[in-house]
Engineer: 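Here's a structure for you.
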There are 2 protein chains.
Amino acid sequence: MPSRSIRTPGIKDVAALAGVSASTASKALNDTGQLRAATRERVRQAAEQLGFTPDSRGRALASGRSFTVGLITTDSSGRFSIPIMLGAEDALSAGEMALVLCDTRDDPLREQHYLKSLVSRRVDGIIVTGRRTEAREPIDVPIPVVYAFSPSTDPDDTSVIVDDHGGAASAARHLLSLGREQIAHVTGPESHLSAQIRAAATMGAAREAFVGQPLYGEWSERWGRHAVDVLLRAQPTVDAITCGSDQIARGVCDRLRELGRSVPDDIAVTGYDNWSVMALASRPPLTTVDMELEELGRRTANLLLDVIAGSPRRGQLILPTRLITRESTLGT
Amino acid sequence: MPSRSIRTPGIKDVAALAGVSASTASKALNDTGQLRAATRERVRQAAEQLGFTPDSRGRALASGRSFTVGLITTDSSGRFSIPIMLGAEDALSAGEMALVLCDTRDDPLREQHYLKSLVSRRVDGIIVTGRRTEAREPIDVPIPVVYAFSPSTDPDDTSVIVDDHGGAASAARHLLSLGREQIAHVTGPESHLSAQIRAAATMGAAREAFVGQPLYGEWSERWGRHAVDVLLRAQPTVDAITCGSDQIARGVCDRLRELGRSVPDDIAVTGYDNWSVMALASRPPLTTVDMELEELGRRTANLLLDVIAGSPRRGQLILPTRLITRESTLGT
DNA sequence: GAAAATCCGGAACACGTTTTCCTGGACGAA
DNA sequence: TTCGTCCAGGAAAACGTGTTCCGGATTTTC
């Protein structure tokens with residue numbers, strides 16, 4: 001008796017135990033073909049008894065699909081890619097698909113390497129995501145691709161992006177609805193598209209209530225604190241500040257408190273990102289814009305599944321943001 | 001002429017173009033078997049010309065391996081799992097292995113589902129990780145498994161964990177070496193093993209310099225701020241505070257500053273985690289303990305590769321932490 | 001009771017690669 | 001010349017599954 005009997009049981013073992021052929025066992029387990037109910041049950045019990053788990057490698061080979069999709073991210077250390085990843089993984093696992101993770105660390109060589117690897121694995125599709133909202137070069141593979149967060153520069157590619165304009169505008173409108181009349185904006189580097197978009201949207205929505213010019217700096221608490229000094233010197237009567245990120249907003253709140261200005265009684269503040277460790281730890285907690293990145297990941301994955309299934313939806317899908325209101329605008 | 005000529009070229013196409021058999025082509029491309037150098041080169045050129053990429057599904061079936069490992073995480077939203085994931089992915093990709101991501105979201109049903117899926121994919125190995133340092137139930141699969149961060153309750157399983165004791169002790173010794181004589185400790189819930197360990201290690205290392213009792217609370221800035229009030233009432237002459245997390249330490253610093261106590265001149269403060277968004281944004285920046293989780297992920301992956309290769313290393317591997325010194329203990 | 005329709009299950013092949021075994025030829029030694 | 005050795009490469013099997021086709025058995029219909 002050869003010792004190879006310890007290998008995991010295959011469909012042939014199940015078939016043998018049930019007294020049928022391998023093909024019949026396959027049909028029984030997949031609810032296909034014409035089989036007597038009794039036979040089906042017999043095969044099922046045999047599979048159960050042996051603890052049979054079908055080998056998806058065989059299935060992949062036979063079906064021409066791999067039931068796997070690749071996720072290429074230029075930086076998963078960033079806090080944007082993570083929720084997208086999770087959302088995608090969530091949507092895919094519901095469809096019995098697996099997600100293989102590829103973090104290029106912004107290295108084009110690594111990206112090439114990963115692409116080769118994914119093509120070699122005959123992945124059913126690829127999701128490409130990055131940490132910036134700037135469009136990126138499309139990748140060149142004979143496989144369905146969907147871009148998330150960072151769209152492809154080719155408008156015919158399928159991309160899912162955040163409505164950054166709408167998000168910033170909703171914060172400004174919220175402040176207007178609360179009766180604020182002098183709204184300023186503090187945000188990140190002007191070289192960042194998202195900073196530009198949010199600034200433009202804020203000015204557009206606030207109209208004549210907007211005061212001064214957008215203050216561009218960096219995405220940090222320190223800049224938020226410093227910006228308050230700059231701003232109060234130029235616009236002493238400002239009564240609301242919308243910020244390009246929760247980090248900036250937290251810095252703004254800290255500095256205002258140090259100066260004895262009450263938030264929101266004297267000056268209301270809004271953030272952006274709904275990054276809980278910032279938005280909730282801030283004093284007071286921040287009204288902020290949630291980009292709903294996990295939902296974006298889910299939508300991206302579902303779109304990719306559609307493409308794989310043969311009904312592609314070309315162009316950019318722009319997902320709405322959600323305004324989260326907290327004490328930094330509403331008070332207690 | 002059938003239109004199926006548009007499918008991606010297989011090894012048989014390469015072989016045909018090079019004028020050899022499929023098996024010869026395989027040998028040529030894999031540098032195995034006995035072939036003339038000229039033949040090898042001819043096959044290589046043919047492969048190049050056709051843009052041939054081997055189908056790893058076929059390879060997987062033939063070799064009995066899948067060149068894939070699964071990563072099961074009970075929560076990838078936590079900031080502990082992420083660096084571990086990235087480190088593991090880094091180490092694995094160097095070995096031409098792919099990582100499939102499974103986030104159970106702490107749901108046992110999802111975990112079962114994922115395990116089935118991974119077994120079905122005939123994954124070469126599995127990494128299990130969690131967000132707490134408490135040991136967890138081992139998983140039951142006929143596949144090599146290595147546990148990261150959260151060890152298995154079975155001491156014979158392979159686990160890679162952080163030297164929490166050493167990390168906390170190193171912070172205390174650092175303070176002693178700076179001449180501090182009254183060291184207090186503020187940390188998270190007593191129900192958390194990591195809080196207990198770090199408290200015990202701090203007391204053990206500080207010896208007679210330790211004052212009062214460890215203050216257990218929660219992993220938040222708010223608790224850090226509140227703890228300062230509690231602590232100063234009981235121990236007004238304290239000159240150093242080690243904290244169980246960077247969040248707590250940041251809260252401690254904020255409150256001390258509000259009370260007009262200088263950090264580190266009056267009271268030195270240390271954190272834990274080296275979570276840059278906390279440790280660097282804190283005023284002053286925090287001296288803290290880095291658990292080097294990315295390295296832990298890499299080590300875990302390499303250990304798993306060893307197990308797969310047939311040379312398992314059983315038991316717990318305890319990795320050292322690294323003390324990062326900054327202004328919160330050293331001053332400017 | 002015979003012909004037709006229906007149902008059930010098996011044999012064979014396909015998927016793409018690796019690997020084992022084998023053959024035919026070239027070459028050196030006796 | 002003949003035998004043995006070595007080399008280059010081909011044929012076939014193997015991996016595990018899904019699917020197509022086909023024949024035999026059972027039931028239905030007139």
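Here is how names work: the chains are called A, B, and so on, in the same order as the sequence lines, proteins then strands, and each is numbered from 1.
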Engineer: Between C1' on C:dT18 and CG on B:D31, what's the gap in Å once rounded to a whole number?
Structural biologist: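 Atom-to-atom, B:D31 to C:dT18, this comes out as 15 Å.
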Engineer: Answer yes or no: is there an ion pair linking A:R131 with A:D106, defined by an N-O contact shorter than 4.0 Å?
Structural biologist: yes
Engineer: Applying side chain to side chain contact (heavy atoms under 4.5 Å, CB included), can you list everything that pairs with A:S66, at least two apart in sequence or on another chain?
Structural biologist: A:T68, A:D124, B:R57
Engineer: I would like to know whether B:R44 and B:D31 meet salt bridge (Lys or Arg N to Asp or Glu O under 4.0 Å); could you show each step before the answer?
Structural biologist: CA-CA 11 Å; B:R44 276 206 192 99; B:D31 268 337; 3.2 Å; yes
Engineer: How close or far is atom P of D:dG16 from atom CD1 of A:I11, stated in whole angstroms?
Structural biologist: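 Taking atom P of D:dG16 as the reference, CD1 of A:I11 is at 11 Å.
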Engineer: Write down the distance between NZ (B:K12) and C1' (C:dA14), rounded to a whole number of angstrom.
Structural biologist: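 Distance, rounded to whole Å: 9 Å.
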Engineer: To the nearest Å, give me how far apart CZ (B:R122) and C1' (D:dT17) are.
Structural biologist: 11 Å
Engineer: Below 4.0 angstrom, N of the basic side chain to O of the carboxylate: do B:R313 and B:D306 qualify?
Structural biologist: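 Judged by the 4.0 Å cut-off on N to carboxylate O distance, B:R313 and B:D306 do not form a salt bridge.
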Engineer: Any N/O pairs under 3.5 Å between the protein and nucleotides 4-13 of chain D? List them or say none.
Structural biologist:
| from | atom 1 | to | atom 2 | distance (Å) |
| --- | --- | --- | --- | --- |
| D:dA8 | O3' | B:R36 | NH2 | 3.4 |
| D:dG9 | OP1 | B:R36 | NH2 | 2.9 |
| D:dG9 | OP1 | B:T39 | OG1 | 2.6 |
| D:dG9 | OP2 | B:R36 | N | 2.9 |
| D:dG9 | OP2 | B:T39 | OG1 | 2.9 |
| D:dG10 | OP2 | B:S21 | N | 2.9 |
| D:dG10 | OP2 | B:S21 | OG | 3.0 |
| D:dG10 | OP2 | B:T24 | OG1 | 2.3 |
| D:dG10 | O6 | B:K27 | NZ | 2.8 |
| D:dA11 | N6 | B:S23 | OG | 3.3 |

Engineer: I need the CG-C1' distance between B:D13 and C:dC15, as an integer number of Å.
Structural biologist: 13 Å
Engineer: Does the side chain of A:Y114 pick up a donor-acceptor pair with the side chain of B:S93 at under 3.5 Å?
Structural biologist: yes
Engineer: Looking at A:R105 and B:E294, does any basic side-chain N land under 4.0 Å from a carboxylate oxygen?
Structural biologist: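 Salt bridge present between A:R105 and B:E294.
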Engineer: Which part of the nucleic acid, if any, lies within reach of A:R59 when heavy atoms closer than 4.0 Å are counted: base, sugar-phosphate only, or nothing?
Structural biologist: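 Counting heavy atoms under 4.0 Å across all strands, the contact made by A:R59 is with sugar-phosphate only.
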Engineer: Could you tell me the separation between the CG atom of A:L50 and the P atom of D:dG16, rounded to a whole number of Å?
Structural biologist: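 Taking atom P of D:dG16 as the reference, CG of A:L50 is at 14 Å.
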Engineer: Can you measure A:F67 atom CZ to D:dT17 atom P for me and round it to whole angstrom units?
Structural biologist: 14 Å
Engineer: Does B:D156 come within less than 4.0 Å of B:R314, counting only side-chain N to carboxylate O?
Structural biologist: no
Engineer: Please report, rounded to the nearest Å, how far the C1' atom of C:dC15 is from the CG atom of A:L61.
Structural biologist: 4 Å
Engineer: Each nucleotide N or O in nucleotides 22-24 of chain D that has a protein N or O under 3.5 Å away: list the pair and distance.
Structural biologist:
none

Engineer: Does any N or O in the side chain of A:E89 come within less than 3.5 Å of the main-chain N or O of B:D103, such that one atom is a donor and the other an acceptor?
Structural biologist: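 Checked: pair present.
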Engineer: So what does B:G64 hit on the nucleic acid, given a heavy-atom distance under 4.0 Å: a base, only sugar-phosphate, or nothing?
Structural biologist: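 Nothing: the residue B:G64, judged by heavy atoms under 4.0 Å, touches no strand.
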Engineer: Sub-3.5 Å donor-acceptor pair from the side chain of A:T39 to the main-chain atoms of A:L35, do we have one?
Structural biologist: no
Engineer: Describe the nucleic acid contact of A:S26 in one word from base, sugar-phosphate, nothing, applying a heavy-atom distance below 4.0 Å.
Structural biologist: base
